[in-house]
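Structure first, then comments.
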Amino acid sequence: MDVARLAGVSPATVSFVLNQTSGQTISDETRQRVLQAVAELGYRPNRAAQGLRQGRSATVGFVSHDADFGEFAAAAIKGAHEACTRQGNLLLLVNTGGSNRQAQQLITDLLDRQVDALIFAAVGTRPVTLPEAATRVPTVLLNCFAPHGPVPAIVPDEERGGREATQALLDLGHRDIACLTGNPSQWATKARLRGFRDALRGAGLNPREHTVLSGNYHADSGYDLVRTLLRRGPLPTAVMCGNDRMAVGALLGLLEGGIRVPEDVSVMGYDDQFQLAAEIRPALSTVQLPYEAMGRQAAEQLAHDRPAAPAARTLVHCPLVMRDSTAAPADRGRTGS
């Protein structure tokens with residue numbers, strides 16, 4: 001009413017202008033008077049009142065189901081936040097500390113605050129038990145999945161990532177490639193290993209003839225597994241690592257053994273970990289986990305009221321990033337082939 005009085009129009013006209021109501025013929029001059037009055041009065045619409053009228057709060061809940069907010073969670077949050085901002089939505093963030101009981105309580109709290117939808121995210125792609133309360137609004141799982149529930153999920157295409165990383169080494173001329181995996185029970189490990197073996201088969205190689213050793217995704221296991229390779233001898237010409245931290249451990253083990261990277265052995269990481277992969281020397285060739293793109297896609301699916309078909313998993317490409325830790329094997333380089 002104050003804006004209408006200052007602009008010399010009806011309150012309904014103010015509402016039409018601010019809500020950009022279609023089907024109303026309002027002159028540019030009138031529209032500008034309303035917007036100028038809004039600016040002079042510092043008027044802000046009452047979101048709570050709008051929510052009651054429209055049946056939506058323009059708020060999306062982001063539930064991080066992990067012990068803390070790490071760098072990969074931060075990337076997913078960034079992507080979701082940017083998408084929500086473009087849509088005029090607010091992203092409301094909570095962390096469960098990895099507790100299913102806390103997840104149930106926090107989701108109930110978000111619903112009490114009238115969130116329109118939920119993004120339920122985990123670091124380390126894995127099956128999760130989604131609290132029953134989450135079924136009351138549209139929900140998308142991010143980097144996790146419900147094994148038996150009809151909830152759409154967005155996950156990295158780890159199998160393709162493992163295949164393309166191996167293919168990059170094959171394209172450089174490597175034919176003796178060892179794979180130092182992360183925890184063998186984890187979903188990502190199994191998918192990446194399938195990709196590794198698929199690429200070998202596609203090149204006419206027998207995967208059984210290539211060394212596969214299991215680690216734990218930490219640098220110490222990369223170091224220990226490379227020391228195992230050194231003891232066994234002869235070394236492969238390339239080493240695929242479960243993640244960038246394992247690759248760092250492998251680099252240290254090779255350096256300690258007098259092995260040059262990439263002149264003697266190429267090393268491939270996985271994750272493209274921030275402030276690690278690009279900054280170590282030699283800079284790591286690796287595969288990027290697309291968490292930011294995944295967060296953005298989750299928010300976009302919810303905004304369009306199309307969280308994909310029930311139980312559908314959307315696979316997001318993991319881009320290959322080639323840097324200095326990989327090169328053609330030495331014998332190939334000498335022959336010039």
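Predicted, not measured: the structure shown is a model, and the values here were computed from it.
Under the 3.5 Å distance criterion, the side-chain polar atoms of T85 are matched with a main-chain donor or acceptor of H81. Counting only distance, with no hydrogens or angles, the side chain of R192 and the backbone of G242 share a donor-acceptor pair below 3.5 Å. The main-chain N or O of T189 is never found under 3.5 Å from a side-chain atom of T181 such that the two would form a donor-acceptor pair. Side-chain atoms of S325 come within 3.5 Å of backbone N or O of S285 as a donor-acceptor pair. Distance alone, capped at 3.5 Å, places no donor-acceptor pair between the R136 side chain and the L111 backbone. Panel note: side chain S10, backbone T13; a donor-acceptor pair is recorded below 3.5 Å.
Y270 is connected to I177 through a chain of hydrophobic side-chain contacts under 4.5 Å among Ile, Leu, Val, Met, Phe, Trp and Tyr, so both are in one cluster. Taken together through direct or relayed side-chain contacts under 4.5 Å among Ile, Leu, Val, Met, Phe, Trp and Tyr, I26 and L35 form part of one hydrophobic cluster. Put simply, V267 and L235 are part of the same group of oily side chains (I, L, V, M, F, W, Y) that touch within less than 4.5 Å, one to the next. V137 and V94 fall within a single hydrophobic cluster, where Ile, Leu, Val, Met, Phe, Trp and Tyr side chains are chained together by heavy-atom contacts under 4.5 Å.
Counting non-hydrogen atoms of neighbouring residues, nucleotides and ligands closer than 6.0 angstrom, the CZ atom of R281 exceeds 12 such neighbours. Heavy atoms from other residues, nucleotides or ligands lying under 6.0 Å from CG of N206 number more than 12. Atom CD of Q36 sits in a sparse spot, with 12 or fewer heavy atoms from other residues, nucleotides or ligands closer than 6.0 Å.
A salt bridge links D272 with R323: at least one charged nitrogen is closer than 4.0 Å to a carboxylate oxygen. Between R194 and E158, none of the side-chain N atoms (NZ, or NE/NH1/NH2) sits under 4.0 Å from a carboxylate O, so this pair counts as no salt bridge. A salt bridge does not link D324 to R260: none of the charged nitrogens lies less than 4.0 Å from a carboxylate oxygen.
Residues F120 and V128 are in side-chain contact: their nearest non-hydrogen atoms beyond the backbone lie under 4.5 Å apart. Put simply, the side chain of L229 reaches to within 4.5 Å of the side chain of L180, judged on heavy atoms. With contacts defined as side-chain heavy-atom distances shorter than 4.5 Å, the pair S266/P329 does not qualify. Side-chain contact between P207 and R201: present, with at least one pair of heavy atoms (C-beta onward) separated by less than 4.5 Å.
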Stepwise salt bridge (Lys or Arg N to Asp or Glu O under 4.0 Å) test for R126 and D66: CA-CA 12 Å; R126 64 181 189 270; D66 278 285; 3.7 Å; yes
Chi angles and distances behind the side chain to side chain donor-acceptor pair (under 3.5 Å) call for N143, T125: CA-CA 5 Å; N143 202 45; T125 314; 2.7 Å; yes
Working for salt bridge (Lys or Arg N to Asp or Glu O under 4.0 Å), residues R227 and D224: CA-CA 5 Å; R227 299 302 294 177; D224 291 341; over 6 Å; no
Derivation and outcome, side chain to side chain donor-acceptor pair (under 3.5 Å), residues S99 and T96: CA-CA 6 Å; S99 164; T96 70; over 6 Å; no
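The nearest pair of heavy atoms linking A58 to D116 is N-OD2, 2.7 Å. Between Y291 and A75 the shortest heavy-atom distance is CB-CB, 4.0 Å.
Summarising the geometry, atom CD belonging to E82 is positioned 12.5 Å from atom CD1 belonging to I77; distances are rounded to the nearest 0.5 Å. Distance CD1/I280 to OG1/T286: 11.5 Å, rounded to 0.5 Å. Atom CD1 of I154 sits about 9.5 Å away from atom CG of L141, to the nearest 0.5 Å. Rounding to the nearest 0.5 angstrom, the gap separating the CG atom in L230 from the CD atom in E256 is 9.0 Å.
By the 6.0 Å and 45° rule, R163 does not stack over the aromatic ring of F196.
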